[in-house]
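Data first, discussion second: the structure below is written as structure tokens.
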2 protein chains.
Amino acid sequence: MNSEFTIAVHSLVYLASRPDRMATSDAIARNVNTHPSRIRKVMSLLRKQGYIATKEGIGGGYLLECLPENATLADIYRATSIGSIKPNWCSGDKQGNCSIASQMAAVMDEIFSDTEKKMLQHLEEMTVRDVLERVRIAHR
Amino acid sequence: MNSEFTIAVHSLVYLASRPDRMATSDAIARNVNTHPSRIRKVMSLLRKQGYIATKEGIGGGYLLECLPENATLADIYRATSIGSIKPNWCSGDKQGNCSIASQMAAVMDEIFSDTEKKMLQHLEEMTVRDVLERVRIAHR
DNA sequence: CCATACTGTTATTCTAATGGTTACAGTTGA
DNA sequence: TCAACTGTAACCATTAGAATAACAGTATGG
């Protein structure tokens with residue numbers, strides 16, 4: 001799996017932990033330990049789904065728009081990494097006349113897509129608030 | 001996810017489809033569309049778990065040792081790709097004193113590991129025989 | 001017992017994916 | 001208008017992944 005999911009979850013948890021629920025890409029990047037530009041790219045995806053709002057200009061940054069208990073990890077996964085469970089590489093040969101070689105890629109595709117759905121059902125049960133809780137408990 | 005899982009499933013399905021349940025790495029590689037050496041590497045993993053037997057020397061190759069209806073995709077995933085759901089990249093800074101930055105990696109680790117377990121529960125319900133069936137149905 | 005046809009494994013090379021960095025235009029408030 | 005932000009795209013560096021080569025080990029048939 002793609003690490004933009006990790007970055008997105010971390011960023012939202014970080015925002016949720018702040019009293020004003022705001023931070024700049026720079027502050028988030030320092031906490032996440034990556035480049036501000038990468039944060040901005042991921043935040044862009046989250047903004048398009050309405051989980052955060054952006055304020056440009058001086059005193060700007062990112063603001064958590066949703067309640068931490070309403071943002072599920074499934075939402076975040078869908079916004080950042082859908083399809084990433086499937087490897088890029090495909091086996092077989094679609095054009096060939098062997099039934100296995102020609103159909104395997106399509107069948108595996110279905111299997112990966114079904115598996116991802118199950119994964120999402122599980123991620124549906126965890127929210128940004130839950131993750132923040134877990135972080136705080138782990139910190140003791 | 002790692003494509004060795006795909007190669008392993010494809011190879012086992014291919015073996016299951018053969019009347020004698022045998023094939024050389026060369027024949028499997030042609031069907032899967034990769035290099036024989038890669039097949040041998042993956043088959044080595046499957047052999048260690050007892051799903052196939054190897055015969056070296058002339059007339060040798062790989063033999064399906066289990067019943068196709070007993071080999072689940074979860075078994076194959078465990079043999080080839082366990083842990084591959086988790087990205088290599090980790091956020092935060094374990095040494096730092098911010099509770100979020102220092103704990104996030106561990107919490108995400110747990111989340112990925114739980115998610116992988118759910119995935120395995122789903123893969124548990126599909127066998128090599130089922131995949132072969134699906135391939136045959138898709139071929140019509 | 002030797003030539004042949006296999007597997008097992010490691011090392012090397014090539015390619016694609018990923019993450020880091022830079023650059024710069026656009027936006028906003030003091 | 002300047003300074004502090006975001007939005008994006010482009011580029012570079014690193015790493016992971018796949019293909020290939022190489023060769024030792026093993027079994028079989030002549």
Side-chain angles (χ1 to χ4, degrees), chain A residues 1-8 10-11 15 20 22-49 51-65 79-81 83-93 105, chain B residues 1-8 10-11 15 20 22-49 51-65 79-81 83-93 105:
Chain A
M1 180 168 338
N2 180 321
S3 62
E4 294 194 351
F5 175 67
T6 299
I7 291 179
H10 191 141
S11 301
L15 285 179
D20 57 358
M22 266 201 86
T24 64
S25 63
D26 230 69
I28 301 172
R30 251 176 286 122
N31 199 270
V32 169
N33 194 24
T34 185
H35 202 277
S37 182
R38 235 193 137 193
I39 297 293
R40 294 204 287 271
K41 192 182 159 210
V42 173
M43 295 314 257
S44 222
L45 298 171
L46 294 175
R47 179 173 45 81
K48 281 167 192 161
Q49 304 301 318
Y51 300 114
I52 58 164
T54 285
K55 203 179 156 213
E56 296 189 4
I58 291 180
Y62 298 97
L63 172 70
L64 194 63
E65 269 278 285
T80 59
S81 309
S84 74
I85 198 186
K86 193 193 146 198
N88 318 312
W89 191 89
C90 262
S91 74
D93 167 24
Chain B
M1 178 167 340
N2 179 321
S3 61
E4 293 192 354
F5 174 68
T6 300
I7 291 179
H10 191 140
S11 300
L15 286 178
D20 57 357
M22 267 202 85
T24 64
S25 63
D26 230 70
I28 300 172
R30 252 176 284 122
N31 200 270
V32 169
N33 193 26
T34 186
H35 201 275
S37 183
R38 233 191 139 195
I39 296 294
R40 293 203 288 270
K41 192 181 159 211
V42 173
M43 296 314 259
S44 222
L45 298 171
L46 294 176
R47 178 174 44 82
K48 280 166 191 161
Q49 304 301 318
Y51 300 115
I52 59 164
T54 285
K55 205 178 157 212
E56 295 188 5
I58 292 180
Y62 299 97
L63 173 69
L64 193 64
E65 270 279 284
T80 58
S81 309
S84 74
I85 199 185
K86 192 192 145 198
N88 319 313
W89 191 89
C90 263
S91 75
D93 167 23

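The sequence lines fix the lettering, A, B, ..., with proteins before strands; numbering per chain opens at 1. Side chains included, hydrogens not; waters and symmetry mates left out as well; all remaining heavy atoms used. Keep in mind the model is a prediction, meaning the values are calculated, not measured.
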Answer with base, sugar-phosphate or nothing: what part of the nucleic acid does B:Ser37 contact at a heavy-atom distance below 4.0 Å? base
Is there a side-chain polar atom (N or O) of A:Ser25 under 4.0 Å from OP1 or OP2 of D:dT6? yes
Upstream residue (5' side of DNA chain C) when A:Ser3 and A:Glu56 are each assigned their closest nucleotide: A:Ser3
Whole-Å gap separating C1' (C:dA5) and CE (B:Met22): 12 Å
Is a side-chain donor or acceptor of B:Ser81 paired with a backbone partner of B:Ser84 at a separation under 3.5 angstrom? no
note: B:Leu63, atom CG; D:dA27, atom P; distance rounded to Å ~ 16 Å
Compare all side-chain heavy atoms of A:Tyr62 with those of A:Ile28 and state whether any distance is below 4.5 angstrom. yes
Selection from C:dG8, D:dA3, D:dA21 that lies nearest to any side-chain heavy atom of A:Ile58: D:dA3
Quick check on DNA chain C: between A:Asn88 and A:Thr34, whose nearest nucleotide comes earlier from the 5' end? A:Asn88
Using a cut-off of 4.0 Å on non-hydrogen atoms, how would the nucleic acid contact of B:Asp26 be classed: base, sugar-phosphate, or nothing? nothing
With a 3.5 Å cut-off and no angle check, do the side chains of B:Arg40 and B:Thr54 form a donor-acceptor pair? no
Closest nucleotide among C:dG19, D:dT20, D:dT28 to the A:Arg38 side chain: C:dG19
May I have the distance from B:Leu46 (atom CG) to C:dT7 (atom P), rounded to whole angstrom? 14 Å
Can you find a side-chain donor-acceptor pair between A:Arg47 and A:Ser44 that sits under 3.5 Å? yes
Counting heavy atoms from C-beta on, name the nucleotide in D:dA22, C:dC6, C:dG20 closest to the side chain of B:Arg40. D:dA22
Send over the distance from A:Asn2 CG to C:dA16 P, rounded to a whole Å. 19 Å
Compare side-chain N and O positions of B:Lys55 against OP1 and OP2 of D:dT28 and report whether any pair is under 4.0 Å apart. yes
In whole angstrom, what separates B:Lys86's NZ from C:dT18's P? 16 Å
Could you tell me how far apart B:Met1 (CE) and D:dG17 (P) are, to the nearest whole angstrom? 13 Å
If we only count heavy atoms from C-beta on, is the A:Ile39 to A:Ser11 side-chain gap below 4.5 Å? yes
Find the distance B:Ile28:CD1 to C:dG8:C1' and express it as a whole number of Å. 14 Å
Please determine whether a side-chain nitrogen or oxygen atom of A:Ser44 lies at a distance below 4.0 Å from atom OP1 or OP2 of D:dT6. no
Atom pair distance, as rounded to whole Å: CG in B:Asn33 and P in D:dA18: 13 Å
With respect to the phosphate group of D:dA19, does any side-chain polar atom (N or O) of A:Trp89 fall under 4.0 Å of OP1 or OP2? yes
